[in-house]
Amino acid sequence: MTEKSATGLGRRDLLKFTALAGAAVAGAAAIGIRPTLAAEDLPLKGKRIGISAAGTDHFFDLQAYNAQIEEVKRLGGEPIAVDAGRNDGKLVSQLQTLIGQKPDAIVQLLGTLTVIDPWLKKAGDAGIPVLTIDVGSTYSLNNSTSDNWGLGKDLALQLVSDIGGEGKIVVFNGFYGVTPCAIRYDQLVNVVKYFPKVEIIKPELRDVIPNTVQDAFTQVTAILNRYPDKGSIKAIWSAWDVPQLGATQALVAAGRTEIKTYGVDGSPEVLQLVADPKSPAAADVAQQPAELGRTAIRNVARLLSGEKLPRETYVPALLANKANVGEVTKKLGIG
């Protein structure tokens, strides 16, 4: 028995399309990933590399941050690493400090464009090459990232397939100023518009930092009170998976595990929920944050060696769902 969506596609068709699309994205993303630079070459010997992080309180952020520090050292350089602790004022201050120290390059890990762009420009104007991780800035010479267009579309297709192409969904949309979150949200909207029986509940929820899990729990509990009937909400989507964690906990506490949750990043605790057949966590796109960090530093080494870099370097991400989460966690060494 197949359940047809408004487009005429059955759930099986959608799942097949999602799987094919995911494979294509992973294959395309792998293109351009070059072999690891040999440590014995020490291409960063004598180089000082600034590493600026918006924060390291999330699994993704901490993994990418630590991997950069380790890779700079492995390649013979000196890391100058600073963590803003999710404080925009401190983030600006640390970028000012880094620029004043005149490192051989700066790598910015995440951040809201309106906050960091003026300072990335100032770094470039001062002759300091700027590279980024998950930051779509015009002042970045290279951005190491996942294919957020592909993973955003794949996650949206998984969601639409799981709910049979119809029903109300709750969406967290609190960080549209952060490029990857904006792209993933736009891809959700792009997919949903072709399924007129799928409706995003307005107003959308706004995820916050800090206290993301607790806040998501509170917000989801409140919206469940507005929609008390089973089937009145089909799914909850977030651009990253910490709100997904809070939402999933709220659903379990309320006995509303028929509602499915979706997110991005591949935090171990969320992947464990996806692996639990009784959990409402239905899918989580697992990124490779440590590899993103290493890739950014390798690109710094290539740039300083005179190599021309592409505008973006993509590191593959994998969509983990109930059917394949064991395979994904094994492949990524998470769990």
Side-chain angles (χ1 to χ4, degrees), residues 11 14-15 18-19 22 58-60 63 146 151-164 167-174 181 184-185 187-188 191-192 198 200-201 204-205 207 211-224 227 230-289 317-335:
R11 298 183 71 180
L14 279 167
L15 283 172
T18 302
H58 180 214
F59 171 80
F60 176 96
Q63 291 283 307
S146 302
L151 71 83
K153 176 257 302 173
D154 289 348
L155 185 66
L157 284 171
Q158 178 79 56
L159 183 157
V160 170
S161 173
D162 288 347
I163 68 174
K168 290 182 172 64
I169 64 174
V170 174
V171 170
F172 281 92
N173 184 19
C181 294
R184 296 165 195 169
Y185 173 84
Q187 290 297 76
L188 173 71
V191 168
V192 165
V198 176
I200 295 176
I201 294 174
E204 296 168 338
L205 304 185
D207 38 335
N211 301 318
T212 307
V213 174
Q214 300 93 321
D215 184 79
F217 185 101
T218 299
Q219 290 195 69
V220 169
T221 299
I223 205 165
L224 292 177
Y227 293 86
K230 290 197 173 185
S232 55
I233 296 175
K234 290 292 190 69
I236 300 174
W237 178 98
S238 55
W240 52 310
D241 61 12
V242 177
Q244 182 185 8
L245 179 59
T248 302
Q249 291 175 353
L251 295 177
V252 172
R256 295 291 297 278
T257 55
E258 82 282 1
I259 301 171
K260 303 177 187 299
T261 68
Y262 300 81
V264 177
D265 273 337
S267 299
E269 59 267 41
V270 177
L271 290 176
Q272 287 172 8
L273 291 173
V274 175
D276 181 353
K278 296 180 180 179
S279 171
D284 187 29
V285 180
Q287 300 192 88
Q288 300 188 72
L318 299 172
L319 175 63
N321 54 34
K322 294 291 189 187
N324 73 351
V325 63
E327 178 185 347
V328 169
T329 54
K330 182 178 180 181
K331 184 174 293 187
L332 298 179
I334 299 173

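Since this is a predicted model, take the numbers as computed values, not measurements.
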- Note on the structure: Between Gly266 and Leu271, the two heavy atoms sitting closest are O-CD1, 3.5 Å
- Message: What verdict does the side chain to side chain contact (heavy atoms under 4.5 Å, CB included) test give for Leu318 and Leu332, after you've listed the backbone C-alpha separation in whole Å, the side-chain angles of each residue and the deciding distance to 0.1 Å?
- Response: CA-CA 9 Å; Leu318 299 172; Leu332 298 179; 4.1 Å; yes
- Task: Search all heavy atoms of Leu224 against all heavy atoms of Ala250 and return the closest pair with its distance.
- Result: CD1-O, 4.2 Å
- Message: Testing the basics here: between Val325 and Ala275, what is the closest heavy-atom pair and its distance to 0.1 Å?
- Response: CG1-CA, 3.5 Å
- Donor-acceptor pair between Gln158 and Asp162 side chains, under 3.5 angstrom: yes
- Task: For Ala216 and Ala247, work out which heavy atoms get closest and say how close.
- Result: CB-N, 4.1 Å
- For the atom pair CD1 (Ile223) and OG1 (Thr218), what is the distance rounded to the nearest 0.5 Å? 13.0 Å
- Evaluation steps, side chain to side chain contact (heavy atoms under 4.5 Å, CB included), between Val220 and Val170: CA-CA 9 Å; Val220 169; Val170 174; 5.5 Å; no
- Query: Hey, what do you get for CZ (Phe59) to CG (Leu245), rounding to the nearest 0.5 Å?
  - Reply: 13.5 Å
- Query: Which residues pass the side-chain hydrogen bond (donor to acceptor under 3.5 Å, both in side chains) test with Ser146, sequence neighbours left out?
  - Reply: Gln287
- Check salt bridge (charged side-chain N to carboxylate O under 4.0 Å, His left out) between Lys234 and all other residues, then give those that pass, not counting sequence neighbours. none
- Message: Taking side chain to side chain contact (heavy atoms under 4.5 Å, CB included) as the definition, give me every residue that meets it alongside Ala253, ordered by chain and number, with sequence neighbours left out.
- Response: Phe217
- Message: Can you list everything that forms a salt bridge (charged side-chain N to carboxylate O under 4.0 Å, His left out) with Glu327? Sequence neighbours excluded, please.
- Response: none
- Just jot down the side-chain hydrogen bond (donor to acceptor under 3.5 Å, both in side chains) partners of Trp240, sequence neighbours excluded, or say none. Asp207
- Which residues share a side chain to side chain contact (heavy atoms under 4.5 Å, CB included) with Lys322, sequence neighbours left out: Ser279
- Message: List the residues meeting side-chain hydrogen bond (donor to acceptor under 3.5 Å, both in side chains) with Thr261, not counting sequence neighbours, and say none if there are none.
- Response: Gln244, Thr248
- Item | side chain to side chain contact (heavy atoms under 4.5 Å, CB included) partners for Glu204, two or more places apart | Val171, Asn173, Tyr185, Ile200, Lys202
- Task: Could you pull out all residues at least two apart from Gln249 that satisfy side-chain hydrogen bond (donor to acceptor under 3.5 Å, both in side chains)?
- Result: none
- Please collect all side-chain hydrogen bond (donor to acceptor under 3.5 Å, both in side chains) contacts where either partner lies in residues 250-259, sequence neighbours excluded, each pair once. Arg256-Glu258
- Item | Backbone of Asn321 reached by a side-chain donor or acceptor of Asn324 within 3.5 Å | yes
- Note on the structure: Nearest heavy-atom approach of Val328 to Leu319 is CG2-O, 4.0 Å
- Query: Ala235: what forms a side chain to side chain contact (heavy atoms under 4.5 Å, CB included) with it, not counting sequence neighbours?
  - Reply: Leu159, Ile163, Ile169, Tyr262
- Task: Can you measure from CD (Gln187) to CZ (Arg184) and round to the nearest 0.5 angstrom?
- Result: 11.5 Å
- Note on the structure: When rounded to the nearest 0.5 Å, the distance separating OG of Ser232 from CD1 of Ile259 is 6.5 Å
- Can you check whether Leu157 reaches Val191 side chain to side chain, under 4.5 Å on heavy atoms? yes
- In terms of heavy-atom contacts, Val274 and Ala320 come closest through CG1-O, 4.1 Å
